[in-house]
Colleague: 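There's a structure below that I have some questions on.
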Amino acid sequence: MAKRPSVIPVAQPCDQLTREVVDGLRKSPKELSPVWFYDELGSDLFDRICELPEYYLTRTELSIMQAHAADMARQIGPQVAVIEFGSSTGLKTRLLLDQLESPVAYVPVDIAREQLFDTASGLARDYPELRVMPVCADFTQPFDLPKQIAAAQQRVVYFPGSTLGNFTQSQAHRLLSRMHQIAWPNGAVLIGIDLKKDPRMLELAYNDSAGVTAQFNLNALRHLNREVGANFDLHGFKHQAVWAENASRIEMRLISQRDQVVSLGGARIAIKDGEYLLTECCHKYTLDGFAKLAAESQLTVAHVWTDTEQKFSVQLLRPNVPTRS
Ligand code: AVI
């Protein structure tokens, strides 16, 4: 199974969730959180996206791991605890674990309990020497590491999949700062980052010819109808992914096909013909741009591995001495 990004919020009271959705729909442009992609159907659709010919990200990152995991492991060093933000039964984590010298622990952190424990039991079975210690938490918020690894060992944060790209600059900065805290003083962060490239290739990756990304995008509305009692008409919206050069990101949009009014939680939201809901941002970085972002969180890029066409990168970051801010 592909890595599903773990951005589903901690269980919140339904009225709070509804309020957040209504607030997003009152913005201009209207926004929905990408957490709404990921119900059971959405997770299956995301797995299918990862296999699509146009969606080069997963395949390319995997090829980088296959070619360079041994070098990554050498640079990371022996006896580390790997803390993965999100969890996956995916090949990428296994490629890394296979190469690391005597890793002492694997700590997947994920709010999606079922997936977390599936991952943990699969890895515990296949890596009997490894202490597998799942943490059920939202990794975008502060969380406690198991006591056994919090103090003593060298800690490596693993965050593959270019999921960082789905966060705004300030959210990404906060997340990288949290990684810095975990890796400090002698650990590291190993992170997958998609790179800026020809917009045509980017737009194709998010507007696939089989229409799977369109189903994935529209599924957010189906999920909202079920969870917060909204009444979105799925036929009233069309998927479109657009490259926004000024923000260096792909914007996943749902474009209203007519003037319509949607009701949820007692609110009525008018949506004009042609108006769009922004459902996700997928930021793409240059190597320099990402190095700057990392530096703002006191992380220095120690090594970058890419494919030959420089489509995608896996980067090893080392923590600088923290400064007071
Ligand atoms: C999870 N994340 C890295 C994907 C991306 O490419 O930003 C989510 C996605 N959205 C549409 N296709 C894939």
Side-chain angles (χ1 to χ4, degrees), residues 1-9 31-39 41-62 64-65 84-88 90-93 110-112 115 138-140 158-169 171-172 175-176 190-199 201-221 223 237-244 247-255 276-285 290 307 311-315:
M1 191 172 66
K3 184 180 177 75
R4 185 192 51 70
S6 304
V7 283
I8 294 177
E31 281 176 17
L32 284 176
S33 163
V35 300
W36 296 106
F37 291 148
Y38 298 102
D39 59 0
L41 174 60
S43 296
D44 288 347
L45 288 167
F46 182 68
D47 285 348
R48 283 178 59 197
I49 287 175
C50 293
E51 311 264 304
L52 291 169
E54 296 97 333
Y55 194 77
Y56 60 86
L57 287 82
T58 312
R59 226 178 3 264
T60 311
E61 185 176 24
L62 206 49
I64 296 170
M65 294 305 290
E84 181 164 346
F85 276 35
S87 62
S88 81
L91 261 175
K92 289 173 247 174
T93 308
D110 203 319
I111 191 65
Q115 167 160 329
D138 175 359
F139 62 70
T140 65
Y158 186 41
F159 195 35
S162 198
T163 303
L164 192 81
N166 297 131
F167 293 89
T168 64
Q169 303 286 311
Q171 291 167 336
L175 206 47
L176 288 167
L190 187 68
I191 188 165
I193 296 292
D194 194 20
L195 298 176
K196 196 170 172 183
K197 56 184 66 64
D198 185 340
M201 183 184 253
L202 286 167
E203 288 192 342
L204 275 176
Y206 293 87
N207 290 293
D208 65 279
S209 55
V212 183
T213 312
Q215 287 180 56
F216 175 71
N217 201 1
L218 284 162
N219 186 55
L221 303 184
H223 192 186
F237 293 87
K238 263 216 171 95
H239 160 76
Q240 193 180 39
V242 178
W243 173 248
S248 193
R249 68 191 191 193
I250 285 285
E251 293 185 356
M252 293 263 289
R253 299 177 180 176
L254 287 170
I255 302 172
Y276 67 85
L277 317 183
L278 178 63
T279 52
E280 184 182 47
C281 297
C282 314
H283 294 87
K284 308 298 169 185
Y285 291 96
F290 182 70
D307 53 298
K311 287 192 287 207
F312 198 95
S313 66
V314 178
Q315 310 203 17

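Hydrogens, waters and symmetry mates play no part in the numbers below; they use all other heavy atoms, side chains included. Just so you know, ligand 1 is whichever comes first in the structure, and atom 1 is the first atom listed for that ligand. All residue numbers refer to positions in the sequence shown, counting from 1.
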Colleague: State whether the shortest distance between N or O atoms of N166 and N or O atoms of ligand 1 falls below 3.5 angstrom.
Modeller: yes

Colleague: Indicate yes or no: does an N/O atom of T163 lie under 3.5 Å from an N/O atom of ligand 1?
Modeller: no

Colleague: Please confirm whether G161 approaches ligand 1 to less than 4.0 Å, judged on its heavy atoms.
Modeller: yes

Colleague: Kindly indicate whether the side chain of Y56, heavy atoms from C-beta on, has any atom under 4.5 Å from the side chain of L202.
Modeller: yes

Colleague: Does ligand 1 come near enough to Y38 that some N or O of the ligand is less than 3.5 Å from an N or O of the residue?
Modeller: no

Colleague: Any idea which heavy atoms bring Y206 and C282 closest together, and the distance?
Modeller: CE2-SG, 3.6 Å

Colleague: Would you indicate whether the side-chain heavy atoms of M65 and L91 approach each other to under 4.5 Å?
Modeller: no

Colleague: Between ligand 1 and Y55, is the shortest N or O to N or O distance under 3.5 Å?
Modeller: yes

Colleague: Is any side-chain heavy atom of S248 less than 4.5 Å from a side-chain heavy atom of W243?
Modeller: yes

Colleague: Looking at non-hydrogen atoms alone, which of E280, H239, E61 comes nearest to atom 10 (N) of ligand 1?
Modeller: E280

Colleague: If you count the atoms of ligand 1 from 1 in the order shown, which ones are under 4.0 Å from a heavy atom of S162?
Modeller: 3 (C)

Colleague: Check the side chains of E54 and S209 for a donor-acceptor pair under 3.5 angstrom, ignoring hydrogens and angles.
Modeller: yes

Colleague: As an exercise, identify every atom of ligand 1 less than 4.0 angstrom from a heavy atom of Y206.
Modeller: 5 (C), 6 (O), 7 (O), 10 (N), 11 (C), 12 (N), 13 (C)

Colleague: Give the atom numbers and elements of ligand 1 that come within less than 4.0 Å of a heavy atom of C282.
Modeller: 7 (O)

Colleague: Are there more than 12 heavy atoms of other residues, nucleotides or ligands under 6.0 Å from atom CZ of R48?
Modeller: no

Colleague: Hey, does F37 sit under 4.0 Å from ligand 1 if you only count heavy atoms?
Modeller: no

Colleague: Which of the numbered atoms in ligand 1 are under 4.0 angstrom from any heavy atom belonging to F216?
Modeller: 10 (N), 11 (C)

Colleague: Provide the number and element of each atom of ligand 1 under 4.0 Å from a heavy atom of M252.
Modeller: 11 (C)

Colleague: When you compare the side chain of T213 with that of Y55, does any pair of heavy atoms fall below 4.5 Å?
Modeller: no

Colleague: Under a plain distance cut-off of 3.5 Å, with no hydrogens placed, do S87 and D110 share a side-chain donor-acceptor pair?
Modeller: yes

